[in-house]
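Data block below; observations after.
All values reported here derive from a predicted model rather than from experimental measurement. Worth knowing before you read on, the calculation uses all heavy atoms, side chains too, and leaves out hydrogens, waters and symmetry mates. Just follow the structure's listing: the first ligand is 1, and inside any ligand the first atom is 1.
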Amino acid sequence: MNAPQAAADSAGTMIIVGAGQSGLQVAESLRSEGHTGRIVMIGNEPCAPYHRPPLSKAYLAGEASEAQLTIRAPEALAKKQIELVSGVEVLAIDRVQRVVSLSDGRSLSYAGLALATGSRARPLPLPGADALGGIFALRTLDDTRRIASALADARRVVVIGGGFIGLEFAAVAAKQGRQVTVLEAAERLMARVVAPPVSDFYAQLHRDHGVGIELGAQVVELVGDAGKVRAVRTADGREFAADILVVGIGILPNAELADAAGLPCERGIIVDACSRTADPHIVASGDCTARRLSDGSLLRLESVQNAVEQGKSAAAALMGKDRPFTAAPWFWSDQYDVKLQMVGLSAGYDTVVTRGDACTRQFSVCYFRAGTLIAIDSINQPQDHMAGRKLLERGVGPTPAQAADTAFKLASLLD
Ligand SMILES: Cc1cc2nc3c(=O)[nH]c(=O)nc-3n(C[C@H](O)[C@H](O)[C@H](O)COP(=O)(O)OP(=O)(O)OC[C@H]3O[C@@H](n4cnc5c(N)ncnc54)[C@H](O)[C@@H]3O)c2cc1C
């Protein structure tokens with residue numbers, strides 16, 4: 001996309017919609033890029049920007065406090081003269097007048113606007129999903145508080161969806177002694193993003209911790225009792241009793257505000273590598289976006305790295321500068337004592353090489369396309385992950401035979 005260059009206005013009011021990871025990055029980068037005018041960050045959650053990853057990990061497990069979730073406290077924002085408006089929703093954008101309307105009745109004019117509206121949990125498309133008690137999504141701090149409280153009284157826990165969030169929650173619930181069953185409609189876990197050796201490893205890891213992993217299990221019915229979920233039924237007629245049900249079946253980008261304002265959206269707000277939308281005064285970053293790549297395809301990423309890097313690009317674009325985000329994507333997931341670190345995009349791989357022995361719980365899976373390394377998933381192997389980041393950045397990599405040889409150090413290719 002050849003988006004028009006934003007008209008830089010270093011003293012005008014910059015408005016950021018969404019006070020999450022990416023919105024915060026836009027705000028702070030605007031200041032560090034030299035913006036001297038007002039910066040107003042508007043978020044519909046009632047709090048300062050916070051880290052979401054611990055919501056399904058340390059915070060849920062009771063190993064991190066709520067204070068530790070805060071990325072930047074209001075006082076720290078005030079010091080940078082970043083105005084935080086919490087608990088207020090941006091309802092509409094008037095792109096002609098360059099004005100946003102807020103749920104508290106105010107209208108604010110902008111010189112530049114950043115959309116960092118994030119995403120929301122995909123709702124379970126079954127009757128009763130929004131009416132029965134005991135059914136939870138895991139996206140916000142409030143969700144996690146409610147889940148933690150319900151988990152305390154639950155014995156049988158069913159998780160719908162064997163993706164990262166469902167599995168991280170399952171690990172915490174199992175460690176707390178709950179009887180946990182994960183129902184995954186696909187034939188393997190995390191099938192959208194990892195190769196079979198990684199899926200198989202995680203299925204075994206969870207089973208070793210007493211979690212029931214049911215693959216090819218499509219939930220078709222919710223069974224309620226006195227307004228509360230009691231069980232779920234799968235397409236093959238089985239019934240799984242549940243005191244609580246946690247649904248982790250993916251997310252939907254919050255792109256409606258942009259769409260209603262006439263910005264091109266398709267699986268997210270469409271942006272270029274510099275986070276520019278089709279409107280020269282509006283940028284977008286983080287989970288709400290879909291990035292147009294040079295081959296015309298759209299890339300959707302849902303990660304902290306993407307939120308931060310696109311946020312930096314968005315701020316630069318509002319200042320009239322090009323700062324494309326082109327680095328290899330990376331991500332992590334913590335389940336039990338196992339850290340998965342992923343780098344690169346494995347979609348379209350034709351060869352997978354396992355480096356090391358999965359039984360040792362320390363191995364990597366290298367993905368190749370036409371002989372070229374395109375991604376690495378590392379399990380308790382941070383050195384492979386860090387080497388992978390640099391290798392993919394430089395466009396160099398091992399041959400499949402080198403990757404399979406654990407005596408061969410990936411980092412040696414960086415010398
Ligand atoms: C449980 C969980 C675990 C995760 N674990 C990992 C992990 O291990 N590693 C990793 O890399 N990533 C992880 N992620 C993903 C990562 O947290 C997200 O990619 C990141 O938070 C995206 O940042 P964002 O700013 O785009 O969106 P968000 O953090 O969602 O922030 C967007 C904010 O905008 C608000 N908003 C939306 N519309 C409006 C409006 N109209 N007006 C005002 N405010 C609005 C939203 O309510 C929200 O507060 C995890 C996410 C979750 C939920």
Side-chain angles (χ1 to χ4, degrees), residues 15-27 40-61 69 71-72 84-93 100-104 106 108 113-122 136-144 147-148 161 163-172 193 246-248 250-261 268-269 271 275 284-290 300-312 314 329-335 339-343:
I15 291 190
I16 300 160
V17 188
Q21 184 89 54
S22 203
L24 173 67
Q25 188 62 55
V26 178
V40 186
M41 180 165 60
I42 304 159
N44 57 9
E45 291 188 73
C47 51
Y50 61 91
H51 295 285
R52 287 185 203 278
L55 297 182
S56 51
K57 307 179 183 73
Y59 175 68
L60 181 68
L69 295 184
I71 310 178
R72 208 71 74 229
L84 171 65
V85 180
S86 299
V88 171
E89 175 130 349
V90 174
L91 300 177
I93 305 164
V100 291
S101 318
L102 313 189
S103 59
D104 63 5
R106 281 189 289 164
L108 295 178
L113 179 67
L115 302 176
T117 48
S119 56
R120 61 189 181 276
R122 183 186 292 277
F136 302 93
L138 207 175
R139 176 76 205 170
T140 65
L141 175 56
D142 199 42
D143 290 337
T144 307
I147 290 177
F164 293 115
I165 289 179
L167 292 173
E168 289 178 352
F169 166 77
V172 173
V193 282
V246 171
V247 181
I251 62 167
L252 298 173
N254 292 327
E256 290 78 1
L257 184 67
D259 192 39
I269 307 167
V271 293
S275 299
S285 59
D287 279 14
C288 63
T289 66
R300 263 198 57 68
L301 294 172
E302 301 150 17
S303 70
V304 168
Q305 178 213 20
N306 183 59
V308 168
E309 294 303 324
Q310 279 195 322
K312 290 178 186 169
W330 52 259
F331 186 81
W332 79 96
S333 174
D334 297 325
Q335 297 168 42
K339 183 176 276 298
L340 168 66
Q341 293 170 290
M342 311 168 78
V343 61

Any N/O pair V304/ligand 1 closer than 3.5 Å: yes

Ligand 1 contact on A116 by region, counting heavy-atom pairs under 4.0 Å: backbone

Passing option when I42 is tested against V17, L84, D104, L102 for side-chain contact (heavy atoms from CB on, under 4.5 Å): L102

Under-4.0 Å heavy-atom contact with ligand 1, by part of L24 that carries it: neither

Closest non-hydrogen atom pair, A137 against D143: O-CB, 3.3 Å

Which residue and heavy atom of the protein sit nearest atom 26 (O) of ligand 1, plus the separation: D287 N, 2.9 Å

Enumerated ligand 1 atoms positioned under 4.0 Å from heavy atoms of A307: 22 (C), 23 (O)

S119: partners by side chain to side chain donor-acceptor pair (under 3.5 Å), with sequence neighbours left out: R139, D287

Nitrogen or oxygen of V90 less than 3.5 angstrom from that of ligand 1: yes

Nitrogen or oxygen of S285 less than 3.5 angstrom from that of ligand 1: no

Check: residues 20-27 side-chain donor-acceptor pairs under 3.5 Å, at least two apart:
| from | atom 1 | to | atom 2 | distance (Å) |
| --- | --- | --- | --- | --- |
| S22 | OG | S285 | OG | 2.8 |
| S22 | OG | A307 | O | 2.7 |
| Q25 | NE2 | S29 | OG | 2.9 |

For V88, atoms of ligand 1 separated by under 4.0 Å from a heavy atom: 43 (C)

N or O pair under 3.5 Å between S56 and ligand 1: no

R300 side chain to T289 backbone, donor-acceptor under 3.5 Å: yes

Within-shell test, D334 vs ligand 1, heavy atom, strictly < 4.0 Å: no

Selected option - heavy-atom contact closest to atom 24 (P) of ligand 1, from P253, S22, S303, A137: S22

Geometric N/O contact E168 with ligand 1, under 3.5 angstrom: no

Sub-4.0 Å heavy-atom contact, K57 with ligand 1: yes

Sub-3.5 Å N/O-N/O distance, W332 and ligand 1: yes

